[in-house]
Amino acid sequence: MKIEQIYTGCLAQGAYYIESKGEVAIIDPLREVKPYIEKATEDSAKVKYIFETHFHADFVSGHLTLAKETGAEIIYGPLANPSFDATIAKDGQEFKLGDISIIALHTPGHTMESTTYLLRDINGKDHAIFSGDTLFLGDVGRPDLAQKAAHMTQEELAETLYDSLRNKIMPLADDVIVYPAHGAGSACGKNMMKETVDTLGNQKKMNYALRADMTKEEFVKEVTEGLLPPPSYFPLNVKMNKEGYPDIDDILERGINPLSPKDFETLANETGAIVLDVRHQNEYIKGHIPRSIFIGIGGDFAPWVGALIADVQQPILLVTPEGKEEETITRLSRVGFDNTLGYLEGSFEAWKKASKDYDTITSIPASEFKDIINKKEVPVFDVRKESEFVAEHMENAYNTPLGFINNHLSEFPDDATFYMHCAGGYRSVIAASILKSRGIHNFIDIGGGFKDIIAAGIKTTDYVCPTTLN
C-alpha cells in the first residue's frame, strides 16, 4: 500500500494518491491531471477510482479530465447531484482497491454532500481518513459556504457538522491518520495548523472543535464566530465542479498566444481584458503597463486572483516573467479563470522597447518613512487581514484589508498623500495596483511592510497573540 499526499502550497490544498496491488485511487485531484497519470504509470498501475469529498469551492477539481483520460470511476458521497456520470456512494459503502478498502462515511455539515473516506488496510484495520473539508488540522470546515444551496442556515449546517464529527469521526481510534483537503492559508477554515498530516488522537487534544465536553451550542457558536465573507469566486467554482468545464489542454492552447506590444494593446482595448502582471513586486514597482493589476506569481497567486478579480469569465491578458506563461495559465485555471487570451511576448521589457507609456509606484524604505513620521503625522493604511492588524499594528493606522479593498475606496484621502503597507511588501503592491486602476495615485508604498516597520523601531501597539483573540 502506498499513500502520497500531493500538496499544492499556493492553494493550501492536499490531493491524495493511493495505490495497492496495481490499483490506484485519487482523492480530490487538481485540474492538471498529468502528475497522477505519470505516477500510476511508474507504478505499473491503473487509476480505478476518483473520490471527491465534496463540490469544492476554492479550486476546480480534475475529476472529469482524469476520468476521461483513465476510464476511472468518479465517486461522490450521498446527496451529491453532479451533471455528469458518477457513482453516488451510500453511507458506509465499501470500495475495494487491491488489498485494501475505502469506506464512504457521509459527514455533512461543511456541505450536505461532504463525505470522509476511511481507508482500511489489508488486515481490515482502520488506517487513515481523508476528511476533505469536514475536519482540518486545528479546525473544521466553515459551515456557511453551502447554506444557500442547502436551504439551511449556517447554524443549522454547523449543528449537522457537530453530529457528523461526533458520530462518524471521533469514535475512530486515536492512531487513525488524518489527511485533510486543506492546510493553513485556505479560506475554507479559519484556524488551521501549518502541519498537513496528524493523528486523530492528537486532533482530539489540539482541535478546539473536537473537545470531548463540547456542547452542540458551544460548537455552533465557536465555529461560526469570526467568519469573513467567502471570496466571490467560490460559487462559480462549485458550479464548474458540479456541471463541468473545458479540458485544461484547450485552455493552454488558447492562452499560450504570444502578442507583440501593439497587438497586446489592441486586444486589450477590443476585449476589455484585464492586464494581469504576475512579475515580482519589485519589478512591477519600477515599471508596469498603466491600469494593469499586479498579483505576483511568487505569492498566494490563485486565491488572490479569485478574491480580487472574482469573475471567472473575465478576459485576461498576461505580463509574466519570460518562461512562466504556461505555469501562470495553469494556476489561473486551477481556480476557474479560463479566459486567458494571450501574453506579452518579451514581457515588460518589450513594452518599454516599443516606447509605450508606462507607470511606476513610489515606494520608500521603512527607515525613510520613520524620518517622515518623526516630523509630522501622516495617514497610514494597513492592508493586512483584520486578525493581523488586531494582533499588532502601527499606532493611528487604518485597517483596509486587501481582500475587501474595493469596499474601502471611499476611505482613502482624495488629495493628501497617504502611506500603505502590508506584512512584507507583496499585498501592498497588489493594493497599489488596484487603487491606481481606480484612479487613486496619491499614495506611497512602504517597502518591506510591517516586518521592516518593526525593524526600523517605529512605534506599534503591544502584541496580542492571535490565539487569544475572540
Side-chain angles (χ1 to χ4, degrees), residues 1-9 11-54 56 59-77 85-90 92-105 107 114-135 137 169 172-173 175-183 195-200 241 247-248 330 334:
M1 176 177 68
K2 176 195 290 187
I3 300 174
E4 184 174 348
Q5 182 185 67
I6 304 169
Y7 198 78
T8 303
L11 289 174
Q13 189 268 346
Y16 296 92
Y17 175 95
I18 306 164
E19 186 271 335
S20 176
K21 296 208 73 174
E23 295 184 337
V24 171
I26 308 294
I27 298 180
D28 293 338
L30 283 185
R31 194 168 180 181
E32 61 273 25
V33 301
K34 185 178 178 182
Y36 314 119
I37 296 172
E38 289 178 344
K39 285 181 184 296
T41 301
E42 290 170 5
D43 290 338
S44 300
K46 178 176 175 57
V47 181
K48 182 179 183 180
Y49 297 122
I50 303 161
F51 291 99
E52 290 286 353
T53 56
H54 64 297
H56 304 283
F59 71 98
V60 178
S61 180
H63 51 297
L64 290 174
T65 304
L66 188 56
K68 186 180 78 171
E69 294 287 335
T70 65
E73 182 180 357
I74 300 172
I75 297 166
Y76 280 90
D85 289 338
T87 296
I88 307 304
K90 297 180 175 63
Q93 185 171 344
E94 180 180 15
F95 297 86
K96 284 293 198 180
L97 187 78
D99 286 334
I100 65 176
S101 59
I102 296 174
I103 316 298
L105 303 179
T107 50
S114 286
T115 297
T116 295
Y117 295 102
L118 170 64
L119 186 152
R120 288 183 176 146
D121 66 18
I122 189 172
N123 299 313
K125 182 180 184 296
D126 294 347
H127 178 77
I129 54 171
F130 301 87
S131 55
D133 288 19
T134 295
L135 175 63
L137 305 188
I169 291 179
L172 298 172
D175 63 353
V176 167
I177 300 168
V178 179
Y179 291 109
H182 291 292
E195 292 81 8
T196 61
V197 180
D198 199 3
T199 63
L200 182 57
N241 283 320
D247 280 352
I248 192 170
T330 298
R334 287 176 182 166

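Because the structure is predicted, anything quoted here is derived from the model rather than measured.
Lys2 meets the side chain to side chain contact (heavy atoms under 4.5 Å, CB included) test with Tyr17, Glu19, Asp43; sequence neighbours excluded. Under the ring-ring contact (aromatic ring centres under 6.0 Å, His included) criterion, Tyr179 pairs with Tyr16, Phe130, not counting sequence neighbours.
Taking all atoms of both residues into account, the shortest heavy-atom contact from Ala89 to Ala104 is CB-CB, 3.9 Å. Among all heavy-atom pairs drawn from Tyr49 and Lys96, the shortest one is CE1-O, 3.1 Å. Leu200 approaches Ala173 most closely through the heavy-atom pair CD2-O, 3.8 Å. Closest approach of Asn241 to Ser61, counting heavy atoms only: OD1-N, 2.8 Å. The shortest non-hydrogen separation linking Val47 to Ala40 is CG2-CB, 4.0 Å.
Residue Lys48 holds its NZ atom at 13.0 Å from OG1 of Thr70, rounded to the nearest 0.5 Å. Separating the NE2 atom in His56 from the CG atom in Leu11 is a distance of 11.5 Å, to the nearest 0.5 Å. The distance from the OG1 atom of Thr134 to the CG atom of Leu105 is 10.0 Å, given to the nearest 0.5 Å. Within the model, atoms CG of Asp99 and OG of Ser20 stand 4.5 Å from one another, a figure rounded to the nearest 0.5 Å. Annotation: the span from Thr53 atom OG1 to Asp133 atom CG amounts to 6.0 Å, rounded to 0.5 Å. Distance OG1/Thr65 to CD1/Ile50: 9.0 Å, rounded to 0.5 Å.
Residues Gln5 and Thr196 meet the side-chain proximity criterion, which asks for heavy atoms closer than 4.5 Å. Considering only heavy atoms from C-beta on, Leu30 comes within 4.5 Å of Thr8 through its side chain. Looking at Arg31 and Thr330, their side chains never come closer than 4.5 Å, going by heavy atoms from C-beta outward. For the pair Leu119 and Ile129, the minimum side-chain heavy-atom distance is 4.5 Å or more. At a threshold of 4.5 Å between non-hydrogen side-chain atoms, the residues Tyr76 and His63 count as touching. You'll find the side chain of Val197 stays beyond 4.5 Å of the side chain of Val178, heavy atoms only. A 4.5 Å side-chain heavy-atom check between Ile74 and Leu64 finds at least one atom pair inside the cut-off. When side chains are defined from C-beta on, Ile37 counts as touching Leu66, because their heavy atoms get closer than 4.5 Å.
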Stepwise salt bridge (Lys or Arg N to Asp or Glu O under 4.0 Å) check, Lys125 with Asp175: CA-CA 11 Å; Lys125 182 180 184 296; Asp175 63 353; 3.0 Å; yes
Derivation and outcome, side-chain contact (heavy atoms from CB on, under 4.5 Å), residues Ile102 and Leu118: CA-CA 5 Å; Ile102 296 174; Leu118 170 64; over 6 Å; no
Residue pair Thr199, Val176: steps toward the side-chain contact (heavy atoms from CB on, under 4.5 Å) verdict: CA-CA 6 Å; Thr199 63; Val176 167; over 6 Å; no
Full working for side-chain hydrogen bond (donor to acceptor under 3.5 Å, both in side chains) between Thr107 and Ser114: CA-CA 6 Å; Thr107 50; Ser114 286; 5.8 Å; no
Chi angles and distances behind the side-chain contact (heavy atoms from CB on, under 4.5 Å) call for Ile122, Met1: CA-CA 9 Å; Ile122 189 172; Met1 176 177 68; over 6 Å; no
Verdict with reasoning, Phe95 to Tyr117, per ring-ring contact (aromatic ring centres under 6.0 Å, His included): CA-CA 10 Å; Phe95 297 86; Tyr117 295 102; 7.6 Å; no
Steps toward side-chain contact (heavy atoms from CB on, under 4.5 Å) verdict (Leu97, Lys21): CA-CA 8 Å; Leu97 187 78; Lys21 296 208 73 174; over 6 Å; no
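Between Lys46 and Glu23 there is no salt bridge, since no side-chain N of the basic residue sits under 4.0 Å from a carboxylate O of the acidic one. Salt bridge absent: Glu94 and Arg120 never bring a charged side-chain N and a carboxylate O closer than 4.0 Å.
Gln13 contributes a side-chain N or O that, together with a main-chain N or O of Asp28, makes up a donor-acceptor pair within less than 3.5 Å. Without hydrogens or angle criteria, Gln93 side chain to Lys90 main chain gives a donor-acceptor distance under 3.5 Å. A donor-acceptor pair under 3.5 Å is formed between the side chain of His182 and the backbone N or O of Ala12.
When each of Ile27, Ile18, Ile26 is checked for a side-chain contact (heavy atoms from CB on, under 4.5 Å) with Phe51, only Ile27 meets the rule.
At a cut-off of 3.5 Å, with distance as the only test, a side-chain donor of Glu73 or Thr87 sits close to an acceptor on the other residue.
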